[in-house]
Amino acid sequence: MTDLRESSVPAVVDGLPQRRRLVTEIPGPRSRELHARKLAAVADGVGTTLPVYIERAGGGVLVDVDGNSMIDLGSGIAVVNVGNANPRVAARVSEQVQRFTHTCFMVTPYAGYVEVCEALARLTPGDHAKKSALFNSGAEAVENAVKIARVATGRDAVVVFDHAYHGRTNLTMAMTAKSMPYKHGFGPFAGEVYRAPMSYPFREPAPVSGVEAARRAISVIDKQVGADEVACVVIEPIQGEGGFVVPAPGFLPTIAQWCSENGIVFVADEIQTGFGRTGSVFACEHEGVVPDLITVAKGIAGGLPLAAVTGRAELMDAVHVGGLGGTYGGNPVACAAALASIESLEQDGLAGRAAAIGETMLARLAELAAKHPKIGDVRGRGAMVAIELVTPGTTDPDPAEAARISAACHQQGVLTLTCGTFGNVLRFLPPLVIEDALLAEALDVLETAVAGQ
Ligand code: PLZ
């Protein structure tokens with residue numbers, strides 16, 4: 001039986017009606033068929049949040065092989081900030097792909113790579129001399145930031161935080177906090193990685209200011225590692241996979257200041273928070289923090305795999321010639337996508353758009369939390385917001401309720417994601433080009449899902 005649930009009058013973006021429209025159950029028959037093939041051919045270790053197979057996407061919607069049009073509140077995990085198949089990205093990628101697809105930048109270079117590095121120098125916080133190196137994935141960028149910091153300081157130790165997520169490679173698994181599913185059974189992990197307490201306002205037993213939380217972390221690092229052993233402190237300005245944890249104001253600047261006083265490289269992992277997501281181009285800007293190195297990926301290239309480390313020229317240049325690279329790092333097609341994506345970010349004012357999305361979402365979610373005590377916390381910045389589900393009146397995590405609400409949204413054609421150390425955080429990462437009406441409709445669906453039992 002066909003269950004027809006849809007938006008009223010859809011806007012059309014790039015030929016794609018911006019509407020929620022379900023024409024089959026979720027997942028539909030074609031998706032189920034593909035999923036059976038996936039289960040037979042793809043390793044079980046590669047999980048699936050929602051087994052609808054996508055055929056087209058753009059603006060704020062994902063269209064599946066059964067013709068269902070869903071509202072996208074995930075952006076492919078904070079990647080398609082400029083919209084899926086963004087027309088500028090599509091045009092520039094097609095043009096590049098016809099001229100040449102690969103030379104290896106370390107063998108025979110090309111302008112696109114240099115232009116992306118120039119754009120990064122301009123866009124990242126701080127007006128000091130900056131240089132960049134390009135890679136393929138976020139994890140690879142984080143690994144390289146650590147390599148650079150170690151060479152530049154001649155020190156070994158890497159400090160990360162509770163609830164951190166930095167990737168799935170061996171070193172970045174060591175840096176990531178959560179065992180299941182990211183680390184379980186995959187050790188032994190890289191050494192010289194130390195974990196400090198985070199500022200997580202909702203989970204503090206008593207209110208702790210950002211400065212106090214930073215002093216607490218610094219004391220742990222001082223006592224357990226020793227400041228003069230530390231090459232770098234790596235931190236997400238707002239934690240992503242760990243639960244959209246926004247540290248208390250003052251936390252980041254205090255840590256950054258202490259790093260600078262102790263010759264420690266302060267690395268901001270802006271892989272999830274970057275490229276307009278939080279209402280400024282980079283999340284560090286909200287507190288005027290200027291990182292020594294910044295890692296970026298995801299939102300940089302509108303969906304093509306590209307990542308970078310950008311930072312103080314003297315740190316970046318500490319590495320010997322030939323010490324950084326990789327076959328595909330800064331692939332010309334990915335660079336073309338990045339240049340188009342950056343153009344969209346700037347010309348379409350998408351950081352401002354993220355801020356407006358944040359205002360809408362935070363207001364609606366606060367109303368929802370006032371009605372439903374199982375929503376223990378509403379937090380986030382710009383188009384990176386979340387609700388944390390708890391047993392009412394406590395801070396005890398309720399991951400089952402987060403999963404239930406998320407599944408209920410999926411059934412109604414709204415793609416939501418969960419996250420958090422305790423799996424009880426429902427997060428929202430809409431593309432920054434989502435229409436207001438579509439966003440409002442997604443929030444209506446969420447409201448009904450939250451009210452259900
Ligand atoms: N640093 C802050 O958010 C990637 C991971 C999804 P890669 N986050 C999504 C998953 O389950 O694998 C991420 C991040 C931060 C680093 C990374 C790693 O980026 O491009 O996935 O390697």
Side-chain angles (χ1 to χ4, degrees), residues 125 142 145-146 149-150 153 155-167 171-179 183 189-273 278 282-295 377 379 381 388 395 419-422 425:
V142 173
V146 171
R150 282 179 170 161
T153 58
R155 303 171 180 178
D156 294 336
V158 174
V159 172
V160 291
F161 289 83
D162 287 331
H163 313 288
Y165 183 91
H166 297 293
L171 173 59
T172 59
M173 271 194 293
M175 296 169 69
T176 289
K178 193 173 177 176
S179 172
K183 304 168 74 164
F189 303 111
E192 288 307 307
V193 175
Y194 300 89
R195 199 166 301 284
M198 181 61 185
S199 163
Y200 189 159
F202 178 64
R203 298 208 160 272
E204 299 284 1
V208 176
S209 74
V211 174
E212 285 162 351
R215 289 206 185 111
R216 178 178 64 192
I218 289 164
S219 159
V220 168
I221 305 168
D222 249 336
K223 302 291 177 297
Q224 299 184 13
V225 196
D228 57 0
E229 309 279 345
V230 179
C232 57
V233 167
V234 184
I235 189 164
E236 299 153 86
I238 296 177
Q239 291 180 322
E241 305 308 301
F244 280 30
V245 179
V246 187
F251 183 73
L252 291 172
T254 307
I255 302 265
Q257 177 64 30
W258 177 78
C259 285
S260 107
E261 287 161 8
N262 288 278
I264 297 166
V265 179
F266 180 84
V267 184
D269 179 345
E270 292 246 19
I271 287 164
Q272 190 150 164
T273 49
T278 68
F282 291 103
C284 275
E285 294 168 42
H286 294 291
E287 287 200 82
V289 169
V290 177
D292 299 311
L293 298 180
I294 178 165
T295 55
D377 197 21
R379 57 176 180 258
R381 251 194 186 124
E388 180 155 358
T395 58
C419 65
T421 297
F422 313 105
V425 177

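None of these values were measured; they are calculated from a predicted model.
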Inter-residue atom distance [X].[atom1] - [Y].[atom2], 0.5 Å rounding:
X: Tyr194; Y: Ile221; atom1: OH; atom2: CD1; result: 12.0 Å
X: Thr421; Y: Tyr165; atom1: OG1; atom2: OH; result: 12.5 Å
X: Ile218; Y: Lys223; atom1: CD1; atom2: NZ; result: 10.5 Å

Considering all heavy atoms of both residues, which atom of [X] and which atom of [Y] are nearest to each other, and what is their separation?
X: Phe266; Y: Ala256; result: CD1-CA, 3.7 Å
X: Val289; Y: Pro125; result: O-CB, 3.9 Å
X: Ala145; Y: Val267; result: CB-CG1, 4.0 Å
X: Ala214; Y: Phe251; result: N-CD1, 3.4 Å
X: Ala248; Y: Ser209; result: CB-C, 4.1 Å
X: Phe161; Y: Ala177; result: O-CB, 4.2 Å

Is there any salt bridge (Lys or Arg N to Asp or Glu O under 4.0 Å) pair reaching into residues 193-206, and which pairs are they, with sequence neighbours excluded?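 Residue pairs with at least one partner in residues 193-206: Arg203-Glu388, Glu204-Arg216.
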
Is the shortest side-chain heavy-atom distance between [X] and [Y] below 4.5 Å?
X: Pro291; Y: Ile235; answer: no
X: Val158; Y: Arg150; answer: yes
X: Ile255; Y: Val233; answer: yes
X: Gln239; Y: Asp162; answer: no
X: Ile264; Y: Asp292; answer: no
X: Ile294; Y: Cys284; answer: no

Whether [X] side chain and [Y] backbone form a donor-acceptor pair below 3.5 Å:
X: Arg155; Y: Ala227; result: yes
X: Glu287; Y: Pro249; result: no
X: His286; Y: Thr278; result: yes

Apply the test side-chain contact (heavy atoms from CB on, under 4.5 Å) to residues Ser199 and Val208: give CA-CA distance (whole Å), side-chain angles for both, the deciding distance (0.1 Å), then the verdict. CA-CA 8 Å; Ser199 163; Val208 176; over 6 Å; no

Distance-only donor-acceptor check, side chains Gln257 and Thr254, under 3.5 Å: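 There is no such pair (donor and acceptor under 3.5 Å, judged by atom type) between the side chains of Gln257 and Thr254.
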
From CA spacing to verdict: side-chain contact (heavy atoms from CB on, under 4.5 Å), Leu293, Val234: CA-CA 9 Å; Leu293 298 180; Val234 184; over 6 Å; no

Carefully, step by step, assess Ile271 and Val142 under the rule side-chain contact (heavy atoms from CB on, under 4.5 Å). CA-CA 9 Å; Ile271 287 164; Val142 173; 3.7 Å; yes

Test Glu241 against every option in Lys178, Gln272, His166 by the side chain to side chain donor-acceptor pair (under 3.5 Å) rule and name the one that passes.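 Considering Lys178, Gln272, His166, a side chain to side chain donor-acceptor pair (under 3.5 Å) with Glu241 is found only for Gln272.
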
Restricting to ring-ring contact (aromatic ring centres under 6.0 Å, His included), what partner residues turn up for Phe282, sequence neighbours left out?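 Phe282 satisfies ring-ring contact (aromatic ring centres under 6.0 Å, His included) with Phe275 only.
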
Residues in ring-ring contact (aromatic ring centres under 6.0 Å, His included) contact with Tyr200, at least two apart in sequence or another chain: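 For Tyr200 the ring-ring contact (aromatic ring centres under 6.0 Å, His included) partners, ignoring immediate neighbours, are His163.
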
Test side-chain contact (heavy atoms from CB on, under 4.5 Å) applied to Val193 and Thr176, Val160, Thr172, the passing residue: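 For Val193, the side-chain contact (heavy atoms from CB on, under 4.5 Å) test succeeds with only one of Thr176, Val160, Thr172, which is Val160.
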
